Amino acid sequence: MLSLSLVFCAIVALVTAQAATQAPTACPAGWNKYKDRCYFFDNNAKIWVDAEAACQGMGGNLASVRSDDENTFLRTLTNNATTWLGGTDCQTAGAWFWMDGTQMLARFWCPLKPDNQLSQCCLQMNTGENKCWDDVPCNSTLPFVCARHI
(Lines give C-alpha, C1' and ligand atoms only; values in the text may rest on other atoms or scores of the structure.)
Protein backbone atom coordinates (compact mmCIF):
# COMPACT_ATOMS: atom_id res chain seq x y z
CA MET A 1 0.00 0.00 0.00
CA LEU A 2 2.88 2.34 0.85
CA SER A 3 4.53 1.77 -2.55
CA LEU A 4 1.22 2.51 -4.31
CA SER A 5 0.95 5.81 -2.42
CA LEU A 6 4.52 6.71 -3.38
CA VAL A 7 3.82 5.96 -7.05
CA PHE A 8 0.65 8.06 -6.91
CA CYS A 9 2.52 10.98 -5.31
CA ALA A 10 5.28 10.73 -7.91
CA ILE A 11 2.75 10.81 -10.75
CA VAL A 12 0.96 13.85 -9.27
CA ALA A 13 4.30 15.65 -8.84
CA LEU A 14 5.34 14.85 -12.40
CA VAL A 15 2.04 16.04 -13.91
CA THR A 16 2.11 19.23 -11.81
CA ALA A 17 5.70 19.98 -12.85
CA GLN A 18 4.91 19.33 -16.51
CA ALA A 19 1.87 21.63 -16.41
CA ALA A 20 3.91 24.38 -14.79
CA THR A 21 6.56 24.27 -17.54
CA GLN A 22 4.15 24.31 -20.47
CA ALA A 23 3.54 27.71 -22.03
CA PRO A 24 0.05 29.12 -21.56
CA THR A 25 -2.16 29.05 -24.63
CA ALA A 26 -4.69 31.69 -23.61
CA CYS A 27 -4.50 35.42 -23.03
CA PRO A 28 -5.20 37.04 -19.67
CA ALA A 29 -8.67 38.47 -19.08
CA GLY A 30 -9.17 41.68 -21.06
CA TRP A 31 -6.51 40.80 -23.63
CA ASN A 32 -7.18 39.72 -27.24
CA LYS A 33 -5.32 36.86 -28.91
CA TYR A 34 -3.96 37.26 -32.42
CA LYS A 35 -1.60 34.58 -33.72
CA ASP A 36 1.18 34.09 -31.14
CA ARG A 37 0.59 37.23 -29.08
CA CYS A 38 -1.95 38.83 -26.77
CA TYR A 39 -2.95 42.48 -27.17
CA PHE A 40 -4.45 44.96 -24.74
CA PHE A 41 -5.95 48.27 -25.87
CA ASP A 42 -5.96 50.93 -23.15
CA ASN A 43 -8.14 53.91 -23.98
CA ASN A 44 -6.65 55.95 -21.11
CA ALA A 45 -4.37 58.46 -22.83
CA LYS A 46 -0.75 58.61 -21.64
CA ILE A 47 2.49 60.05 -22.93
CA TRP A 48 4.54 57.46 -24.82
CA VAL A 49 7.04 56.63 -22.05
CA ASP A 50 4.24 56.15 -19.51
CA ALA A 51 2.33 53.94 -21.97
CA GLU A 52 5.45 51.76 -22.44
CA ALA A 53 5.89 51.56 -18.66
CA ALA A 54 2.25 50.50 -18.26
CA CYS A 55 2.74 47.76 -20.86
CA GLN A 56 5.92 46.55 -19.16
CA GLY A 57 4.03 46.44 -15.88
CA MET A 58 1.62 43.99 -17.54
CA GLY A 59 4.43 41.79 -18.89
CA GLY A 60 4.65 43.25 -22.40
CA ASN A 61 5.64 46.28 -24.44
CA LEU A 62 3.90 48.77 -26.63
CA ALA A 63 2.85 46.76 -29.67
CA SER A 64 5.09 46.13 -32.64
CA VAL A 65 3.68 45.38 -36.09
CA ARG A 66 5.10 42.54 -38.16
CA SER A 67 2.67 42.32 -41.09
CA ASP A 68 -0.17 43.94 -42.99
CA ASP A 69 -2.74 41.62 -41.40
CA GLU A 70 -1.44 42.45 -37.92
CA ASN A 71 -1.69 46.17 -38.70
CA THR A 72 -5.31 45.60 -39.82
CA PHE A 73 -6.03 43.65 -36.61
CA LEU A 74 -4.67 46.52 -34.50
CA ARG A 75 -6.72 49.08 -36.40
CA THR A 76 -9.83 47.02 -35.64
CA LEU A 77 -8.83 46.52 -31.98
CA THR A 78 -8.36 50.27 -31.50
CA ASN A 79 -11.52 51.24 -33.40
CA ASN A 80 -9.24 53.28 -35.68
CA ALA A 81 -8.39 55.61 -32.77
CA THR A 82 -5.06 57.42 -32.99
CA THR A 83 -2.94 55.18 -30.76
CA TRP A 84 0.65 54.72 -29.55
CA LEU A 85 2.67 51.79 -30.85
CA GLY A 86 6.12 50.72 -29.65
CA GLY A 87 8.20 52.24 -32.44
CA THR A 88 10.79 54.92 -31.72
CA ASP A 89 13.83 56.59 -33.22
CA CYS A 90 14.64 58.76 -30.18
CA GLN A 91 18.18 57.37 -29.96
CA THR A 92 19.12 58.26 -33.55
CA ALA A 93 16.88 60.11 -35.99
CA GLY A 94 15.84 57.74 -38.77
CA ALA A 95 16.93 54.54 -36.98
CA TRP A 96 13.47 53.16 -36.10
CA PHE A 97 13.12 50.11 -33.87
CA TRP A 98 10.46 48.35 -31.79
CA MET A 99 10.71 48.37 -28.00
CA ASP A 100 10.17 44.59 -27.88
CA GLY A 101 13.25 43.99 -30.03
CA THR A 102 11.29 42.90 -33.12
CA GLN A 103 12.93 44.02 -36.36
CA MET A 104 10.95 46.81 -38.01
CA LEU A 105 10.15 45.32 -41.41
CA ALA A 106 6.48 46.16 -41.92
CA ARG A 107 5.97 49.89 -42.31
CA PHE A 108 2.72 51.73 -42.84
CA TRP A 109 3.91 55.33 -42.81
CA CYS A 110 1.79 58.21 -44.04
CA PRO A 111 3.15 59.95 -47.15
CA LEU A 112 6.32 61.96 -46.42
CA LYS A 113 6.62 60.30 -43.00
CA PRO A 114 8.60 59.75 -40.92
CA ASP A 115 10.25 63.14 -41.10
CA ASN A 116 13.07 61.92 -38.83
CA GLN A 117 13.25 64.88 -36.47
CA LEU A 118 14.34 64.03 -32.94
CA SER A 119 11.53 66.25 -31.64
CA GLN A 120 9.12 63.73 -33.23
CA CYS A 121 10.47 60.31 -32.38
CA CYS A 122 7.50 58.22 -31.21
CA LEU A 123 5.17 56.24 -33.46
CA GLN A 124 1.40 56.69 -33.55
CA MET A 125 -0.96 54.70 -35.75
CA ASN A 126 -4.35 55.54 -37.33
CA THR A 127 -3.41 59.02 -38.50
CA GLY A 128 -5.63 60.85 -40.99
CA GLU A 129 -8.09 59.34 -43.42
CA ASN A 130 -5.62 56.64 -44.53
CA LYS A 131 -5.14 55.46 -40.90
CA CYS A 132 -1.38 55.34 -41.45
CA TRP A 133 1.61 55.84 -39.13
CA ASP A 134 3.17 59.16 -38.13
CA ASP A 135 6.12 60.19 -36.00
CA VAL A 136 5.06 62.69 -33.36
CA PRO A 137 6.35 64.25 -30.14
CA CYS A 138 6.48 61.66 -27.35
CA ASN A 139 4.78 63.99 -24.87
CA SER A 140 1.46 63.82 -26.74
CA THR A 141 -1.16 61.88 -24.79
CA LEU A 142 -2.78 58.99 -26.64
CA PRO A 143 -4.45 55.64 -25.98
CA PHE A 144 -2.08 52.73 -26.55
CA VAL A 145 -1.79 49.04 -27.43
CA CYS A 146 0.31 46.59 -25.41
CA ALA A 147 1.46 43.23 -26.74
CA ARG A 148 2.95 40.16 -25.06
CA HIS A 149 3.83 36.68 -26.22
CA ILE A 150 1.56 33.84 -25.18
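Quick caveat, the model's predicted, so the values are computed rather than measured.
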From E129 atom CD to N80 atom CG, the distance as rounded to the nearest 0.5 Å: 12.5 Å
Polar side-chain atom of T88 near backbone of C121 as donor-acceptor pair, under 3.5 Å: yes
Any T83 side-chain heavy atom under 4.5 Å of L142 side chain: no
Min side-chain heavy-atom separation T127-K113 under 4.5 Å: no
Flag, side chain of N130 to backbone of C132, donor-acceptor distance under 3.5 Å: no
Residues D135 and W109: side-chain donor-acceptor under 3.5 angstrom: no
Any side-chain heavy-atom pair of F40 and M58 under 4.5 Å: yes
Min side-chain heavy-atom separation N32-F41 under 4.5 Å: no
Closest heavy-atom pair and its distance - W84, L123: CE3-O, 3.3 Å
Heavy-atom closest pair, residues G94 and N116: CA-OD1, 3.3 Å
E70/R37 salt bridge by N-O under 4.0 Å criterion: yes
Donor-acceptor pair, side chain of T76 and main chain of T72, under 3.5 angstrom: yes
L85 side, atom CG; T78 side, atom OG1 - distance, nearest 0.5 Å: 8.5 Å
Residues R148, D36: salt bridge by 4.0 Å N-O rule: no
T82 side-chain N/O to N126 backbone N/O, donor-acceptor pair under 3.5 Å: yes
F73 and Y34 aromatic ring geometry - parallel, tilted or perpendicular at 30°/60° bounds: parallel
Inter-residue atom distance C146.SG - M99.CE, 0.5 Å rounding: 12.0 Å
Within one Ile-Leu-Val-Met-Phe-Trp-Tyr cluster: W31 and L77, side-chain cutoff 4.5 Å: no
Check: D42 side chain, F144 main-chain N or O, donor-acceptor pair, under 3.5 Å: no
Flag, side chain of E52 to backbone of L62, donor-acceptor distance under 3.5 Å: yes
Closest heavy-atom pair and its distance - G87, M104: CA-CE, 4.0 Å
Main-chain N/O of C122 paired with W96 side-chain donor or acceptor, under 3.5 Å: no
Interatomic spacing from CH2 in W98 to CZ in R66 - rounded to 0.5 Å: 10.5 Å
OG1 on T141 to CG on D50, rounded to 0.5 Å: 10.5 Å
CG on N61 to CG on D100, rounded to 0.5 Å: 5.5 Å
Heavy-atom closest contact (M125 atom, W133 atom, distance): CB-CD1, 3.7 Å
Shortest non-hydrogen contact from C38 toward P28: SG-CD, 4.2 Å
Side-chain donor or acceptor of S119 paired with backbone N/O of Q117 under 3.5 Å: no
